[in-house]
There are 2 protein chains.
Amino acid sequence: MEDGTSPQPRHIEGTDVLPRPDETATCELRDLLDRLGDKWSLLVVELLGHRLLRFSELQRQIDGISQRMLTRTLRHLERDGLITRTVHPVVPPRVDYELTALGRSLLVAVEPLVSWTRENRPSIARARVDYDRQE
Amino acid sequence: MEDGTSPQPRHIEGTDVLPRPDETATCELRDLLDRLGDKWSLLVVELLGHRLLRFSELQRQIDGISQRMLTRTLRHLERDGLITRTVHPVVPPRVDYELTALGRSLLVAVEPLVSWTRENRPSIARARVDYDRQE
DNA sequence: CGGCATCCTAAGGGATACTG
DNA sequence: CAGTATCCCTTAGGATGCCG
């Protein structure tokens, strides 16, 4: 997605009306997904929801993340105002990451989704087995 | 991520304890993101939340999706038991997609996140401007 | 310790052409 | 109309090495 405004005419086909079904909600979801739909962002926010953590702690706790991706993810979240980055001028260096108020509000909004996943994982697993058996 | 169970020893470094910070919630989020973190899934669920839609309607309403990706996304959602696919034996063919009960419950869980995005988009935009100006 | 910079691959996903 | 199959390209993201 290389443009954020998409000023295209959208070309509705005359007879087959259907104008603007729910443009706004869709756009907002696009926004959200572009920002948090990657592999690690939400994970980091979740962990920082518990308490402040330093770089190495995050890396240890997020099993499988590379140093590079952790750094990038943190920079993204910082840029979006979701976390703060505090560098302590000591040797060896120590950098703490913490949720901002905005970040904490996001966490609240994510919670239902986490709960949903926890509760419905079995259903999904069953659905998959069914589907795979048929086809 | 090629294994879902990750039976690794996790190698905690003796002195620096930190055992299992919040393994479960993290895993659930991983699960969720692997399933819905792609470019289109949540968008489709959102649209089907309003009403039943047929293939061509979805394609028209999701601006920018390719036929291939719409098909793949729908198959995924169907496999996970989030939507149903109904083929009407007519010519030209007509295929309807609809949320299942599970899909509707997901939609409810997603709603807070959509609201959050809508409400905080300005804050994020401002944070970005600030960040970019400094650095 | 907490990063960059570089390289490289695997996967996501678009474009196009063809089919029942 | 609602797909499938093929090709191709861009990107996410891992591995490695260096540096303050």
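We name chains A, B, ... by the order of the sequence lines, and we start the count at 1 in each one.
A:Glu57 has its side chain within reach of A:Arg51: a pair of non-hydrogen atoms, C-beta onward, lies under 4.5 Å apart. Side-chain contact between B:Val45 and B:Val110 is absent, with no heavy-atom pair separated by less than 4.5 Å.
Looking only at distances, no side-chain donor or acceptor of B:Ser41 sits under 3.5 Å from a matching main-chain atom of B:Gly37. For the pair B:Arg79 (side chain) and A:Ile124 (backbone), a donor-acceptor distance under 3.5 Å is absent. Side chain of A:Arg128 to backbone of B:Gly81: no donor-acceptor contact under 3.5 angstrom is found.
If you check every strand for non-hydrogen atoms under 4.0 Å, A:Gln59 touches nothing.
Distance A:Leu53 CG to C:dC1 P: 16 Å, rounded to the nearest Å. Look at CD1 on A:Ile62: it is 13 Å from P on D:dG13, rounded to the nearest Å. One interatomic measurement links the two molecules: CZ of B:Arg85 to C1' of D:dT4, which rounds to 12 Å at whole-angstrom precision. With rounding to whole Å, B:Leu70 atom CG is found 8 Å from D:dG3 atom P. In this structure, A:Gln67 places its CD atom 12 Å from P of D:dT16, rounding to the nearest Å. Taking atom CZ of residue B:Arg94 and atom P of nucleotide D:dG3, one finds them 12 Å apart after rounding to whole Å. For the pair B:Phe55 CZ and D:dA2 P, the computed distance is 7 Å after rounding to whole Å. Between the OH atom of B:Tyr97 and the P atom of D:dC1 there is a distance of 14 Å, given to the nearest Å.
Considering only side-chain N and O atoms, A:Arg54 lies under 4.0 angstrom from the phosphate OP1 or OP2 of C:dG2.
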What protein N or O atoms touch nucleotides 7-13 of chain C N or O atoms at under 3.5 angstrom, if any, and at what distances?
residue, atom, partner, partner atom, Å
C:dG13, OP1, B:Lys39, N, 3.2
C:dG13, N7, B:Arg68, NH2, 2.7

### Task
Dump the intermediate steps for salt bridge (Lys or Arg N to Asp or Glu O under 4.0 Å) on A:Arg35 and A:Asp31, then the final yes or no.
CA-CA 6 Å; A:Arg35 175 160 27 254; A:Asp31 247 45; 3.5 Å; yes

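DNA chain D is contacted by both B:Pro93 and B:Thr71; B:Pro93 maps to the nucleotide lying nearer its 5′ end (nearest heavy atom per residue).
Among residues at least two apart or in separate chains, side-chain hydrogen bond (donor to acceptor under 3.5 Å, both in side chains) pairs with a member in residues 97-107 of chain A are A:Arg75-A:Tyr97, A:Arg85-A:Tyr97, A:Ser105-B:Trp116.
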